[in-house]
Amino acid sequence: MAIDSDEVRSRADELLDAGAHDPLDTMRHSAAHVMASSVMQLFPEARLGIGPAIKDGFYYDFELPRPLTPADLEAIEAKMREQVAADVPFERSELSRDEALAELEHSGQPFKVEIVRELPADPPQVISFYRHDGFVDLCRGPHVPSTGRLGPFKLLNSAAAYWRGDETRPMLQRIYGTAWDTQADLDRYLWRLEEAKKRDHRKLGRELDLFTFHPESPAAPFWHPRGMALWRALEAWSLEVRRDGGFAEVRTPSLVRRELWQQSGHWDLYQDNMFVLDADEHVAGLKPMNCPEEILVYKTRARSYRDLPMRFADYSTLFRKERTGALAGLFRVRQLTQDDSHVFCREDQVADELRLALNLVQRQFAPFGFLPTFKLATRPEKKLGSDEFWDMAEGRLREALDAEALAYQLDPGGAAFYAPKVDVFIEDALGREWQMATIQLDYQLPQRFDLEYRSGEGHFERPVMIHYAIYGTFERFTGIIVEHFAGAFPLWLAPVQVMVVPIADRHLEYASEVREALDAAGIRAEIDDRSERMQAKLRDAQEQQIPVMLVVGDRDQEARAVSPRLRTGASSQGVPLEEFVQELGRRVASRELWPRAEPASEEAGSPSEQREASTAAS
RNA sequence: GCCGAAGUAGCUCAGUGGUAGAGCAACGGUUUCGUAAACCGUCGGUCGUGGGUUCGAGUCCCACCUUCGGCUCCA
């Protein structure tokens with residue numbers, strides 16, 4: 001690293017510094033400096049915020065006299081390229097804290113002054129600056145040796161950001177950029193952004209006729225028949241996983257009086273996110289979570305240690321008044337449905353129940369091709385409960401992770417103040433990471449609601465609660481898989497699994513028979529009975545990403561056969577109808593990831609083999 | 001909530017103060033076809049909503065609604 005190793009730094013600084021010397025991050029941070037100096041050339045009165053390297057790129061925050069336009073970004077980028085061509089060295093200099101403050105006050109950089117002021121004065125430390133091409137910036141470094149060493153970069157967009165993320169502080173303008181080691185990396189990243197735009201679930205949702213949004217009920221999807229078919233397929237699988245895990249389904253009311261939320265603590269801590277209604281004399285809220293109501297179900301009778309664990313699945317709709325600016329398609333809605341699970345168990349059952357939870361998570365994600373990864377969030381600084389309690393609770397989670405032989409990362413201090421948790425992540429086809437389930441251990445609510453069960457010795461004991469939703473919400477998960485599969489769902493999920501394509505009107509009757517056979521096997525099939533050419537019907541079915549098209553013409557009708565064409569382009573002719581229906585039934589029942597387009601790189605086999613339909617090729 | 005941008009036919013978009021357009025879709029007719037778009041014709045718009053400026057507003061101004069990007073990555 002370029003920084004003096006004997007520089008005295010606070011422990012906090014060292015932590016901030018840790019991992020900052022990845023060469024790519026260093027280069028990106030240098031790119032942020034080059035961008036800042038370009039902005040200063042165009043807007044000499046600009047005040048500088050911060051400019052770190054981030055995942056995939058960098059940003060820099062500025063206070064500017066006016067909002068930036070796309071044309072400004074182009075101008076800034078052009079200046080940056082001039083600096084790269086000039087290949088100016090980065091030079092480090094050091095000042096004492098007082099000198100640094102004086103210098104920054106003099107140059108009119110109040111945000112930088114604030115940063116230096118917050119650095120501890122004791123022990124005294126040197127404040128480093130980096131200069132290139134007449135532009136000086138407070139910076140810990142390190143940097144690349146000179147501006148010519150920047151990799152291929154591109155400015156992406158500008159948007160507002162509060163100084164230090166605090167909405168009471170001034171609003172700055174943030175410019176985001178991306179930078180990579182090679183042009184190929186940059187191209188790949190830009191392709192990924194482009195691809196993400198193409199797959200945007202809001203666009204595909206409308207094109208595939210799954211759901212729409214309307215100003216009449218903002219931030220809440222209207223599910224169309226095809227979207228609902230997808231929802232039910234997701235739901236059926238999730239319920240199957242729960243049933244096998246020993247869960248029983250419950251359903252609890254949406255509108256619940258204030259008193260319950262007061263007891264659960266939501267009234268104090270979560271009311272801002274709740275829709276509150278004045279129902280006659282009684283104030284009530286639309287539920288943002290299920291747990292307090294599952295507790296009411298638990299408490300309807302005296303429970304015994306023999307009853308535990310009790311596992312409830314509740315898929316009812318929740319309401320959360322999210323900030324309007326946070327809403328985003330299916331990813332953030334105000335009416336949501338979780339595949340919610342609550343377990344009430346004895347202390348000695350916690351480890352097994354956690355293990356069950358981890359097991360169900362893996363199982364439920366498997367048919368999507370998702371391999372979940374795990375993060376154990378441990379005690380924060382501000383916490384409830386003794387160190388012994390945390391040792392025990394964290395130990396239980398570790399034990400469960402180990403018992404399932406799962407690798408996991410640590411998120412030190414990441415737990416809620418009352419208990420540790422395991423966060424579950426999946427990565428989609430574009431390499432984006434999504435946080436999914438959180439498996440939360442809860443000793444608080446049982447206490448607040450004075451839950452108990454009768455132990456074998458006749459005492460009253462307090463149960464422990466474990467909460468988790470695996471998909472999270474159906475809404476958000478649908479958004480994720482629409483983008484993950486780019487609308488090309490595997491057969492078991494596809495809203496329309498089979499489109500029967502009669503070649504001419506005289507085949508309509510046989511097409512109906514085919515559809516009925518599919519229907520009897522529980523396969524979602526439709527007939528394209530428009531007076532269109534077969535080619536047009538196939539094209540439309542392809543565009544709808546329907547996995548299987550069954551062409552039926554004279555030859556098929558005569559042989560009581562079908563000619564399947566898959567979304568992947570593979571096709572074959574004269575497959576006996578019953579045989580094909582059975583094959584599809586098998587694939588649906590086993591929730592195969594099928595049909596899948598062969599990766600372009602794996603060009604194996606002769607063209608004729610590739611065109612060979614489905615049946616054997618999986 | 002805050003900052004910025006956007007909203008024209010079902011969809012994608014053109015229209016920079018002077019008569020609202022195109023392609024696709026839809027609808028009607030012809031066509032009945034063997035693996036990704038048949039042909040001909042017709043319909044379709046309170047230009048997000050409300051107000052204002054103007055002889056005249058899709059276009060300029062204001063307010064509101066909805067949507068999009070960001071406000072989490074900390075020298």
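Keep in mind it's a predicted model, so treat the numbers as computed, not measured. Chain identifiers are assigned alphabetically (A, B, ...) following the order of the sequence lines, protein sequences preceding nucleic acid strands; residue numbering begins at 1 within each chain. All values below were derived from every heavy atom in this structure, side-chain atoms included, with hydrogens, water molecules and symmetry-related copies excluded.
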Any N/O pairs under 3.5 Å between the protein and nucleotides 65-70 of chain B? List them or say none.
{"from": "B:U67", "atom 1": "OP1", "to": "A:Ala219", "atom 2": "N", "distance (Å)": "3.4"}
{"from": "B:C68", "atom 1": "OP1", "to": "A:Arg202", "atom 2": "NH1", "distance (Å)": "2.6"}
{"from": "B:C68", "atom 1": "OP1", "to": "A:Gly329", "atom 2": "N", "distance (Å)": "3.3"}
{"from": "B:G69", "atom 1": "OP1", "to": "A:Arg202", "atom 2": "NH2", "distance (Å)": "3.1"}
{"from": "B:G69", "atom 1": "O2'", "to": "A:Asn157", "atom 2": "ND2", "distance (Å)": "2.9"}
{"from": "B:G70", "atom 1": "O3'", "to": "A:Tyr176", "atom 2": "OH", "distance (Å)": "3.0"}
{"from": "B:G70", "atom 1": "O2'", "to": "A:Ala160", "atom 2": "O", "distance (Å)": "3.0"}

Pick the [atom1] atom in [N] and in [M], then give their distance to the nearest Å.
N	M	atom1	answer
B:C3	B:U54	P	30 Å
B:C40	B:A36	P	22 Å
B:G4	B:C62	P	12 Å
B:G23	B:C60	C1'	31 Å
B:A26	B:A37	P	16 Å
B:G7	B:A14	C1'	15 Å
B:G45	B:C68	P	28 Å
B:G34	B:G29	C1'	26 Å

How long is the line joining [atom1] of [X] and [atom2] of [N], in whole Å?
X	N	atom1	atom2	result
A:Leu538	B:U35	CG	P	9 Å
A:Ile175	B:C3	CD1	C1'	14 Å
A:Arg140	B:A75	CZ	P	5 Å
A:Asp528	B:A36	CG	C1'	13 Å
A:Ile54	B:C73	CD1	P	10 Å
A:Glu167	B:C2	CD	P	10 Å
A:Leu210	B:C11	CG	C1'	16 Å
A:Trp163	B:U72	CH2	P	12 Å

*What are the residues of residues 55-74 of chain A, sorted by number, that bring a heavy atom to within less than 4.0 Å of RNA chain B?*
A:Lys55, A:Pro67
*asked:* Expected output is a numbered-order residue list: members of residues 98-110 of chain A with a heavy atom under 4.0 Å from any atom of RNA chain B. What is it?
replied: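 By residue number: none to list.
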For [X] and [Y], test the side chains for any donor-to-acceptor distance below 3.5 angstrom and give the result as yes or no.
X	Y	value
A:Asp554	A:Tyr510	no
A:Arg226	A:Gln544	yes
A:His132	A:His33	no
A:Asp98	A:Ser96	no

*asked:* Counting only side-chain heavy atoms from C-beta out, which of B:C74, B:A36, B:C11 sits nearest to A:Gln542?
replied: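 Selected nucleotide: B:A36.
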*asked:* If the cut-off is 4.0 Å, is A:Arg206 near the phosphate of B:U12, judged by side-chain N/O to OP1 or OP2?
replied: yes
*Between A:Arg565 and A:Phe129, name the one whose nearest nucleotide on RNA chain B is closer to the 5' end.*
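The answer here is A:Arg565.
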*Start at the 5' end of RNA chain B and walk down; is the nucleotide closest to A:Glu207 or to A:Asp540 reached first?*
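Comparing both residues, the 5'-ward one is A:Glu207.
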*Electrostatic pair A:Arg169-A:Glu114, nearest N-O below 4.0 angstrom*: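 A salt bridge is present here (some side-chain N lies under 4.0 Å from a carboxylate O).
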*Could A:Lys198 and A:Glu195 be called an ion pair, given the rule that one side-chain N must be under 4.0 Å from one carboxylate O?*
yes
*With sequence neighbours excluded, what pairs up with A:His214 under the side-chain contact (heavy atoms from CB on, under 4.5 Å) test?*
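So A:His214 forms a side-chain contact (heavy atoms from CB on, under 4.5 Å) with A:Thr212, A:Glu216, A:Phe222.
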*Taking side-chain contact (heavy atoms from CB on, under 4.5 Å) as the test, write out the residues that go with A:Asp428, two or more places apart.*
A:Leu430, A:Arg432, A:Trp434, A:His484
Pairing partner (Watson-Crick or G-U wobble, both distances under 3.5 angstrom) of [N]:
N	answer
B:A22	B:U12
B:G69	B:C3
B:C43	none
B:C74	none
B:A63	B:U49
B:U30	B:A38
B:G56	none

Can you confirm whether or not the ring centre of [X] sits under 6.0 Å from the ring centre of [Y]?
X	Y	value
A:Tyr130	A:Phe90	no
A:Trp163	A:Phe111	yes
A:Phe62	A:Tyr60	yes

*Is it the case that more than 12 heavy atoms not belonging to A:Glu45 sit under 6.0 Å from its CD atom?*
yes
*Please check if the side chain of A:Arg567 supplies one atom and the backbone of A:Phe489 the other of a donor-acceptor pair under 3.5 Å.*
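Checked: pair present.
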*I would like to know whether A:Asp137 and A:Lys112 meet salt bridge (charged side-chain N to carboxylate O under 4.0 Å, His left out); could you show each step before the answer?*
CA-CA 9 Å; A:Asp137 192 11; A:Lys112 298 291 186 187; 3.1 Å; yes
*Taking it one step at a time, do A:Arg164 and A:Tyr162 satisfy side-chain hydrogen bond (donor to acceptor under 3.5 Å, both in side chains)?*
CA-CA 6 Å; A:Arg164 306 208 141 171; A:Tyr162 297 102; over 6 Å; no
What protein N or O atoms touch nucleotides 24-34 of chain B N or O atoms at under 3.5 angstrom, if any, and at what distances?
{"from": "B:U32", "atom 1": "O2", "to": "A:Asp505", "atom 2": "N", "distance (Å)": "2.9"}
{"from": "B:U32", "atom 1": "N3", "to": "A:Asp505", "atom 2": "OD1", "distance (Å)": "3.3"}
{"from": "B:U32", "atom 1": "N3", "to": "A:Asp505", "atom 2": "OD2", "distance (Å)": "2.7"}
{"from": "B:U32", "atom 1": "O4", "to": "A:Asp505", "atom 2": "OD2", "distance (Å)": "2.8"}
{"from": "B:C33", "atom 1": "OP2", "to": "A:Arg506", "atom 2": "NH1", "distance (Å)": "2.6"}
{"from": "B:C33", "atom 1": "OP2", "to": "A:Arg506", "atom 2": "NH2", "distance (Å)": "2.6"}
{"from": "B:G34", "atom 1": "O6", "to": "A:Asp554", "atom 2": "N", "distance (Å)": "2.9"}
{"from": "B:G34", "atom 1": "O6", "to": "A:Arg555", "atom 2": "N", "distance (Å)": "2.6"}
{"from": "B:G34", "atom 1": "N1", "to": "A:Asp556", "atom 2": "OD2", "distance (Å)": "2.8"}
{"from": "B:G34", "atom 1": "N2", "to": "A:Asp556", "atom 2": "OD2", "distance (Å)": "3.0"}
{"from": "B:G34", "atom 1": "N2", "to": "A:Ser563", "atom 2": "OG", "distance (Å)": "2.6"}

*Does the side chain to side chain contact (heavy atoms under 4.5 Å, CB included) test come out yes or no for A:Arg334 and A:Leu327, once each step is laid out?*
CA-CA 8 Å; A:Arg334 289 202 284 211; A:Leu327 304 170; 3.7 Å; yes
